[in-house]
Amino acid sequence: MEKTLSIIKPDGVERKLVGEVVKRFEGAGIRVAAMKMVHLTSEQAKLFYAVHRERPFYESLTDFMSSGPIVAMVLEGDDVIQKNRDIMGATNYKEAAPGTIRHDFATDIEKNVVHGSDAPETAKMEIAFFFNSLEIC
Ligand code: CMP
């Protein structure tokens, strides 16, 4: 069984989309194996998104990600990294397919409601950023 990290970003939590997002994952047969709400500091957000530190949107993204609580989840299932990405839709909501979370709810390329790991190695690192092994059921 594969695992991936999903984050409901501050815009998703603020807009009360937690239930809707979880419903879409569970409706697709994905199991939630861990879940917590956290409010990242700016330093923690910078660490989490360190891979993007040279990008022009890094400051703005990390300010946004530390602007309010987020919900971090470990999702489990067959091919769950790709399945999660399909359910989220393209990063840019204008390019996201109808029926995807970002198409249906995102308002901005940055405020795009959800984050999901993009590959097995990233998933491992991103899960370990938020959860220890005792917290994953
Ligand atoms: P996420 O999947 O969390 O990964 C990096 C985030 O950077 C992305 O979603 C967006 O929220 C944000 N972002 C802001 N501007 C851009 C951009 N031009 N291209 C890609 N990601 C961007």
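Counting from 1, the numbers follow the sequence of the chain as shown. First listed ligand is number 1; within each ligand, the first listed atom is number 1.
The aromatic rings of F57 and H52 are tilted relative to each other, their planes meeting at an angle between 30° and 60°.
Counting only heavy atoms of the protein, atom 10 (C) of ligand 1 lies nearest to I109 O, 3.2 Å. Of all protein heavy atoms, the one closest to atom 6 (C) of ligand 1 is L61 CD2, 3.7 Å. The protein heavy atom nearest to atom 5 (C) of ligand 1 is H52 NE2, 3.5 Å. Among protein heavy atoms, the minimum distance from atom 4 (O) of ligand 1 is reached at Y49 CE2, 3.8 Å.
For atom 20 (C) of ligand 1, the choice among F57, F48, Y93 with the nearest heavy atom turns out to be F57.
Here the OG1-OH distance, from T62 to Y49, works out to 10.0 Å after rounding to the nearest 0.5 Å.
Side-chain polar atoms of Q44 and S66 form no donor-acceptor pair below 3.5 angstrom. H115 and E126 are linked by a side-chain donor-acceptor pair at a separation below 3.5 angstrom, with hydrogens and angles left out of the test.
Note: an N/O pair closer than 3.5 Å links N112 and ligand 1 by distance alone. Polar contact with ligand 1: present for R102 (N/O pair, distance under 3.5 Å).
For the pair R24 and D104, the salt-bridge criterion is met [side-chain N within less than 4.0 Å of a carboxylate O].
Ligand 1 lies nowhere less than 4.0 angstrom from a heavy atom belonging to F64.
Taking the six-membered ring for Trp and the full ring otherwise, the centers of F105 and Y93 sit at least 6.0 Å from each other.
Between F131 and M35, the closest heavy-atom pair is CE2-N, 3.9 Å.
Within the 4.0 Å heavy-atom criterion, the part of K9 lying near ligand 1 is the side chain and not the backbone. Counting heavy atoms under 4.0 Å from ligand 1, residue M88 does not touch it at all.
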